[in-house]
Amino acid sequence: MQHPTDQDLFSCIDEAIRTVLSVDDAPIEPTTTLVGNLGAESIDFLDISCEIEKHFNVEVDFRKLFKKRQAATASAAPDISVQDLVEYVRDLCVNVPA
Amino acid sequence: MSRLQWAHALTPSSPEPRESVYEIYDGHFRVPRTAVFDEPDEEIVELPDGRAYRSLSRAGLLLVAAGLPASTVLAPLVQTDPFSVGIYCAIENGPNDYACAKSMSDTPPDEFANVYKALRSPKYYFKMLANVPPSQLGIFLGVMGPLYTYTHSRLACRQALEQAECDLEAGTVRAALVCGAFALDDPLLAMRSRLAASDAQTLSEAAACVVLTANGARSDWSCLPGRASSYSFGIVTDLVTLASRSLTDAAPHRPGLVLVH
């Protein structure tokens, strides 16, 4: 199975975020943060993970991603950028058994 | 008797009742003599937060559409003390998940979990909860007082009014937002409401909202007008009747009173 490119991943994640958070006009860049810039809440993360799972058949665990960001930034309340999410989903897709 | 400060009711403008045909079950599910809003769900109301579209049922959207304009009378109270306003709601959300159920019907057991997950969103569950629409309305209005939701198909409005009356009398709240909504998107709920109405009545979608404040005496809401109308609005019939009657009796000191078709 061919792994999705970063562009594929970004397009899909962009669509998932726009669907869940109803952001039609706001620009979504790799540096856009889900909480700080887009106001996502806990239930939105679950919703976004399900939308991504529908496309790539991988289970996105935001809890792990937040912990990863927490360790990397040493911040008590880390935020996740779209690029962080793209990289995380890319890693998940690479590890999916063919 | 509590003072009715403001009222708002939404009813469809289509004059002629028509049969509601539900595509699920291949169009065999039909409910006669109905009146529905022509607008699709996403056009019923412009929500202050677009994310709520994914978690509000059609009845929920109608409720918010009827209740949002109440901010004109509630804003001064909410700004002073958001806990001084309560919400008392009559609404019932059906499961409204027939499309998913139909898609699932031929799914092999070992694929069931994955297909089910793919067909639904985690927020879909919220559409089935009766207390989500009034909670969302409360968030939009900034109301933080008590919240009651009643789902009895015939008595919910009176229960809401009684509880509001009780809280106003006890001084728990200074204003009560009594609201309700009824939609026909769920075929089983529509059919049950159709059977509860008389044959001559048109079963109509509707939403209504009234704002009550205390005036020192207790109201007897059991003397609301009867149901001998040409329309049945399901669970919200009593409240639509009350709001509509208030418009008819509108006095100059109630300038906010409107009935929107």
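We name chains A, B, ... by the order of the sequence lines, and we start the count at 1 in each one. Just so you know, these numbers come straight off a predicted model, no measurement behind them.
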* Pick one of side chain, backbone, both or neither for A:Asp44, based on which atoms fall under 4.5 Å of a heavy atom in chain B. => both
* Take the angle between the ring planes of A:Phe62 and A:Phe66 and call it parallel below 30°, perpendicular above 60°, tilted in between. => tilted
* Asked: Looking at B:Val143, B:Val73, B:Ile87, B:Leu212, which one forms a side-chain contact (heavy atoms from CB on, under 4.5 Å) with B:Leu177?
  -> B:Ile87
* Asked: Which one of A:Leu46, A:Ile43, A:Thr19, A:Val20 has the most heavy-atom pairs closer than 4.5 Å to chain B?
  -> A:Val20
* Full working for side chain to side chain contact (heavy atoms under 4.5 Å, CB included) between A:Leu85 and A:Val60 -> CA-CA 9 Å; A:Leu85 191 51; A:Val60 179; 4.1 Å; yes
* Taking atom types as modelled, is there a side-chain donor on B:Gln163 or B:Gln159 under 3.5 Å from an acceptor on the other? -> no
* Asked: What's the shortest heavy-atom distance between B:Val210 and B:Ala243, and which atoms?
  -> CG1-CB, 4.2 Å
* At their closest point, which heavy atom of A:Ile17 faces which heavy atom of A:Ile48, and how far apart are they? -> CG1-CD1, 4.2 Å
* Asked: What option among B:Ala118, B:Pro122, B:Ser121 has the most heavy-atom pairs under 4.5 Å with chain A?
  -> B:Pro122
* At a heavy-atom separation under 4.5 Å, does A:Glu53 approach chain B through its side chain, its backbone, both, or neither? -> side chain
* To do: Decide, yes or no, whether a salt bridge links A:Glu15 with A:Arg18 under the criterion of side-chain N to carboxylate O below 4.0 Å.
  => no
* To do: Heavy-atom distances under 4.5 Å only: say whether A:Ser49 touches chain B with side chain, backbone, both or neither.
  => neither
* Is there a donor in the side chain of A:Asp14 and an acceptor in the side chain of A:Ser11, or the other way round, less than 3.5 Å apart? -> no
* Structure fact -> Among residues 43-54 of chain B, those lying within the under-4.5 Å heavy-atom range of chain A are B:Gly50, B:Arg51, B:Arg54
